[in-house]
Protein chains: 2
Amino acid sequence: MGTQLNSIESVKEYLIDKGINPSFQRLKIYEYLAKTITHPTVEMIFTELAKEIPTLSKTTIYNTLNLFQNSGIVSGLTIDANEIRYDPETRVHAHFKCFKCGSIFDIPVEPSYADMVIAEEHEVKERHFYLKGTCKNCLKAIET
Amino acid sequence: MGTQLNSIESVKEYLIDKGINPSFQRLKIYEYLAKTITHPTVEMIFTELAKEIPTLSKTTIYNTLNLFQNSGIVSGLTIDANEIRYDPETRVHAHFKCFKCGSIFDIPVEPSYADMVIAEEHEVKERHFYLKGTCKNCLKAIET
DNA sequence: GTATCTGCAAAACATTTGCAATTCT
DNA sequence: AGAATTGCAAATGTTTTGCAGATAC
């Protein structure tokens with residue numbers, strides 16, 4: 001998972017292991033996701049990587065992220081309409097989105113948490129927990 | 001909340017109580033939401049209500065739903081990108097969306113559930129729990 | 001008669017699709 | 001050469017915005 005992949009070499013091995021042909025663009029996109037904690041949108045990924053890869057197109061980013069999602073190594077977060085954010089962390093955790101500054105924070109969850117929703121007889125494959133409100137940074141800014 | 005509002009009169013009282021001017025369109029939109037368990041999209045609301053109100057426009061539905069959300073009587077569910085679904089139920093509960101048929105089910109949660117995510121020092125105002133997978137109806141269909 | 005509400009048409013975005021050019025082996 | 005990948009341009013689909021006409025008190 002994301003956090004241990006600090007070199008291009010280890011990203012390469014990781015993608016191969018997941019059955020994904022490690023093209024230059026795919027490596028760079030996964031590497032960027034793995035080192036970024038902000039759960040970026042396609043726009044953010046594009047803006048950042050286009051500095052290094054001037055020929056990069058958003059279509060490739062969309063293609064690549066869809067491929068990553070289908071391979072189960074990235075999940076798409078639809079915390080708000082009109083933007084998908086991408087997360088290379090596949091363990092169960094929650095997300096907090098701040099109304100004011102728009103930041104998204106990872107929030108740890110109790111280990112037993114995931115089991116507390118009884119899904120009747122449905123077969124559950126994904127669990128998403130989103131909290132929204134005002135983040136501690138913005139609260140601090142208001143106080144003063 | 002939604003479930004007790006079975007007459008136009010009680011919807012009217014409810015909207016007035018929430019500080020919302022109960023226009024004809026607003027009454028009809030809220031009434032429809034309250035009696036519908038499928039968490040409809042704007043498209044679905046439009047298709048259904050346009051039968052009764054031929055002059056109705058989607059703009060009015062968007063305006064009205066945004067108004068309802070700002071007044072806190074409806075919440076918008078962004079379970080998937082590219083569609084917002086609307087829910088007049090404001091108590092904490094989870095939603096299950098079926099990959100196959102697209103249906104959304106309400107799922108009850110343990111009373112203590114909502115407190116199990118520690119949001120550090122963030123001020124939490126909304127909690128969304130989304131499960132995805134294959135619903136029991138689709139599972140049954142596959143068996144046979 | 002003035003505020004508000006409605007709804008058409010256009011704009012704004014994010015995402016997907018078709019397809020041609022490019023790259024890799 | 002052949003298969004996979006990339007990326008431009010156009011299409012799609014949802015939500016928002018500008019504004020003129022209708023409605024209500």
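Just so we're on the same page: letters track the sequence lines, and every chain starts at 1. Both backbone and side-chain heavy atoms feed into the values below; hydrogens, waters and symmetry mates do not. The structure displayed is predicted, hence computed values, not measured ones.
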Student: For B:Asn21 and B:Asn82, find the nucleotide of DNA chain D closest to each by heavy atoms; which residue's nucleotide sits nearer the 5' end?
Tutor: B:Asn82
Student: Could you state the atom-to-atom distance from CD1 of B:Ile61 to C1' of D:dT16 in whole Å?
Tutor: 15 Å
Student: With the threshold set at 4.0 Å, does a side-chain nitrogen-carboxylate oxygen contact exist between A:Glu48 and A:Lys35?
Tutor: no
Student: Is there a donor-acceptor pair closer than 3.5 Å between any side-chain N or O of A:Arg85 and the backbone N or O of A:Asp80?
Tutor: no
Student: Rounding to a whole Å, what distance do you find between B:Leu56:CG and C:dT6:P?
Tutor: 9 Å
Student: Could you pull out the closest heavy-atom pair between A:Thr78 and A:Tyr130, with the gap in Å?
Tutor: N-OH, 3.5 Å
Student: With DNA chain C as reference, determine whether B:Ser57 or B:Ala81 sits nearer its 5' end, using the nearest nucleotide of each.
Tutor: B:Ser57
Student: Under 4.0 Å between a side-chain N/O of A:Ser23 and OP1 or OP2 of D:dT6, yes or no?
Tutor: yes
Student: Using a heavy-atom cut-off of 4.0 Å across all strands, would you classify A:Thr41 as base, sugar-phosphate, or nothing?
Tutor: nothing
Student: Does A:Thr60 place a side-chain N or O at less than 4.0 Å from the phosphate oxygens OP1/OP2 of D:dG7?
Tutor: yes
Student: Taking the inter-plane angle between the rings of B:Phe105 and B:Phe96 on a 0 to 90° scale, is it parallel (under 30°), tilted (30 to 60°) or perpendicular (over 60°)?
Tutor: tilted
Student: When you measure from the side-chain N and O atoms of A:Gln25 to the phosphate of C:dT23, is any distance below 4.0 Å, counting only OP1 and OP2?
Tutor: no
Student: Output the rounded distance in Å from CZ (B:Phe24) to P (C:dG7).
Tutor: 10 Å
Student: Report the nucleotide, chosen from D:dT6, C:dC8, C:dT16, that has the shortest atom-to-atom distance to any side-chain atom of A:Tyr62.
Tutor: C:dT16
Student: D:dG7 phosphate, OP1 or OP2: any side-chain N/O from A:Asn63 under 4.0 angstrom?
Tutor: no
Student: Distance check needed: D:dT16 P versus B:Leu67 CG, whole Å only.
Tutor: 13 Å
Student: Please name the nucleotide paired to C:dA3 by Watson-Crick or G-U wobble geometry with both distances under 3.5 Å, or report none.
Tutor: none
Student: Would you please classify the geometry between the A:Tyr30 ring and the A:Phe68 ring as parallel, tilted or perpendicular, with 30° and 60° separating the classes?
Tutor: perpendicular
Student: Scan every strand shown for a Watson-Crick or G-U wobble partner of D:dT5, both distances under 3.5 Å, and answer none if you come up empty.
Tutor: C:dA21
Student: Just the rounded figure in Å: distance from P of C:dT4 to CD1 of B:Ile20.
Tutor: 16 Å
Student: Without decimals, in angstroms, what is the distance between B:Tyr86 OH and D:dT14 C1'?
Tutor: 10 Å
Student: In whole angstroms, how far is the C1' atom of D:dT14 from the CG atom of A:Asp80?
Tutor: 15 Å
Student: CD1 of B:Ile53 versus P of C:dG7: gap in Å, rounded?
Tutor: 8 Å
